[in-house]
2 protein chains.
Amino acid sequence: MKLKEFASQLGLSPTTVSRALSGYPEVSEKTRKRVAEEAVRLGYRPNINAVRLVTGRAGAIGVIMGRTGEFHFAEFMSGMAERLDGEDIDILVSPTADRDATDEISLYNRLVTSGRVDAVIVHSPKPNDERIALLHGLGFPFLVHGRSETDVPHAWIDIDNESAIRRATSHLIDLGHRRIAMINGRHGRTFSLHRDKGYRDALQERGIPFDPRLVAHDHFTDELGFRYSRSFLEQSPRPTAFVAGSMMTALGIYRAVRSRGLVVGKDVSVIAHDDVFPYLTAENMVPSLSATRSSMRAAGARSADLVLQLLGGRPAEEIHELWTVELILRESTGPAPAEAQS
Amino acid sequence: MKLKEFASQLGLSPTTVSRALSGYPEVSEKTRKRVAEEAVRLGYRPNINAVRLVTGRAGAIGVIMGRTGEFHFAEFMSGMAERLDGEDIDILVSPTADRDATDEISLYNRLVTSGRVDAVIVHSPKPNDERIALLHGLGFPFLVHGRSETDVPHAWIDIDNESAIRRATSHLIDLGHRRIAMINGRHGRTFSLHRDKGYRDALQERGIPFDPRLVAHDHFTDELGFRYSRSFLEQSPRPTAFVAGSMMTALGIYRAVRSRGLVVGKDVSVIAHDDVFPYLTAENMVPSLSATRSSMRAAGARSADLVLQLLGGRPAEEIHELWTVELILRESTGPAPAEAQS
DNA sequence: TTGAAAGCGTTACCAT
DNA sequence: ATGGTAACGCTTTCAA
């Protein structure tokens, strides 16, 4: 059923029907109501592609998914979906990225210039992120999930990684730990740098020298968590505590600690960052995992919300949101073992 | 840059340019080449929404994401994205589902009648799935990831869950296990039923009575894996082996077994289904996890491929693909403990 | 092999 | 408060 046909069945003009359905104020309440009811009854729905053509709006928010199946991603998107429910906006996942940087840029370029999305969300930015420069240059609406150090004014939402890791590290120091290892995220990403800074500042405040041999940067997988922590534990003196970037990393650390005949929470303390997954819970680990905690799903929902505001005309430079991260202490952290105290 | 403007810069008509870019045969090779080069040079790209309106194609495949942040989902989509790279087709994730069944149906209805997608992928079907009936009724192209028992002819791709679990269970029986617990997926989903059947058939073949107290159906989370296995282990006699639906479930089982002072691979054997995640590896667990194994990412890639074929005109009733599942034995499975043998 | 012109189904401007 | 009509940018007959 097309607008013309539908309108003539109602004895109205296409114009009036269109206005009634789009909620324009100048249409009478009575008419609006009748149109709405008949639309449902007769099953009329505007052709989305015609609407898109004429309005220039795509009705979708773009997300570019990295090649590496990030487990965070599904949670974030699920949060977006939650918020976008009821709005007439979809999530468009663009095939591929992460081959090399040039490619990624051209991918963003194609996506935004193709008119398939009204805005995009940029994940895991670098301090000087090319994607941000590109999008700003194109004058295209975007929200950064994470932070950069660019001068370009833009909308962003982020968690306070630096403070979270500083507190986590300080707490370990309070417990008497001196050799604290850190398994961080990928090199060059701002969130990794922030976590590095929080870690180093905490050490420095207490006069503990920074030892680069206790720090790793990589993807968040159980395997890498295992490998790095295993190799750190082979050092002498060995670290008595770990700060880790993800739940998966923590799983690897737990394994490594056990494999050395050590006990988490006693011989080795562990704090990891928990994005709050429904399928893997810090509290349920054995021993339960102390964690810096912030819901990825909530971030996704709020991101969608902010993008909506952006599209609604709110200035990008006004949209900056920094979320506090909880530090939840559980059984995986305890006093540094006596023999390890120097 | 619009077609008209671009065409006039080339000294050609819009018609010819359009044909050249769309690869129509009647345009001369020389012209086609020139048009293609100039398009790149001048940065002309057809307005996607105009194309969509006039062709009636949406250029997107729809996926409906459940409310529960399924960790499988990201891998599947990532596989889709991999295959769709280079094609001019996006993945459209539709906000929400999983509230109640009626709602989900109306959601599918809206999605496909809205013209935003050319096809949809249906996940985790039930034997008599309303979504399949709906889509078939609407004559809308779709691919089912999983199987149903409906008479409606349709395209599907699935793994051989029944055979996988039968082999897994049989193997445990070969090892002397008699009390084998099963932590399966959600009630009512075909894949859960297939796994149930594989499990029961294996028992029956060897004359082992089926005990409903050893079976659970639920979401795949570490917490539920822990809770069910914990409660099973409290039975007397306790089960000596577990068959589990996911890696997360397996994590929970490992914890529960340890919490009882038992040892996986010795006191209790475990086989779980592994969808092959980059961030959590069966081989790396301690002890390494025996698993039925099939790559979710590969399924996603192949699904995208099959949808493309479907849209290319291949009849749906011709598209049935059943993937064999590997059974990989590692350290989590061993002979039933002597004292437990009856 | 190329071009002119008629749609595709809406929205939004300008009238009334 | 309602209606006529010109876009929106492209593809696709129909002609040449």
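Keep in mind it's a predicted model, so treat the numbers as computed, not measured.
- A heavy-atom distance below 4.0 Å to DNA chain D is reached by these residues of residues 15-32 of chain B, ordered by number: B/Thr15, B/Ser18, B/Arg19, B/Tyr24.
- Aromatic pair B/Phe277/B/Phe71: ring centres closer than 6.0 Å.
- Summary of helix geometry: the two end axes of the helix from C/dT1-D/dA16 to C/dT16-D/dA1, each defined by five base pairs via their C1' atoms, are inclined to each other by 30° (rounded to 10°).
- Checked for salt-bridge contact, B/Asp129 and B/Lys126 miss the test: no charged N lies under 4.0 Å from a carboxylate O.
- No donor-acceptor distance shorter than 3.5 angstrom exists from the side chain of A/Ser22 to the backbone of A/Tyr24, with no hydrogens or angles considered.
- Nucleotides of DNA chain D with any atom under 4.0 Å from a heavy atom of chain B span, from 5' to 3', D/dG9 to D/dT13.
- With sequence neighbours left out, the salt bridge (charged side-chain N to carboxylate O under 4.0 Å, His left out) criterion links B/Arg45 to no other residue.
- The aromatic ring centres of B/Phe76 and B/His123 sit less than 6.0 Å apart.
- Sorted by residue number, the members of residues 54-62 of chain A with any non-hydrogen atom under 4.0 Å from DNA chain D read A/Val54.
- The salt bridge (charged side-chain N to carboxylate O under 4.0 Å, His left out) contacts involving residues 4-13 of chain B comprise nothing, where partners must be two or more places apart or lie in separate chains.
- Considering only residues two or more places apart in sequence or on other chains, B/Glu317 meets the salt bridge (charged side-chain N to carboxylate O under 4.0 Å, His left out) condition with none of them.
- With sequence neighbours left out, B/Arg32 forms a salt bridge (charged side-chain N to carboxylate O under 4.0 Å, His left out) with B/Glu29.
- Pairs of residues two or more places apart, or lying in two chains, that qualify as salt bridge (charged side-chain N to carboxylate O under 4.0 Å, His left out) and include a residue from residues 143-153 of chain B are B/Arg147-B/Asp158.
- Not a single ring-ring contact (aromatic ring centres under 6.0 Å, His included) links A/His136 to another residue, sequence neighbours left out.
- Here chain B contacts DNA chain C (any atom closer than 4.0 Å to a heavy atom, that is under 4.0 Å), and the contacts span C/dT1 to C/dG9 from 5' to 3'.
- For B/Glu37, the salt bridge (charged side-chain N to carboxylate O under 4.0 Å, His left out) criterion is met by no residue, not counting sequence neighbours.
- Considering B/Val35, B/Thr16, B/Val17 in turn, B/Thr16 is the only one that fulfils the side chain to side chain contact (heavy atoms under 4.5 Å, CB included) rule with B/Val27.
- Heavy-atom distances to DNA chain D give each of B/Pro46 and A/Ser13 a nearest nucleotide, and the one nearer the 5′ end belongs to A/Ser13.
- At a threshold of 4.0 angstrom between heavy atoms, the contacts of B/Tyr44 are confined to the sugar-phosphate backbone, with no base atom among them.
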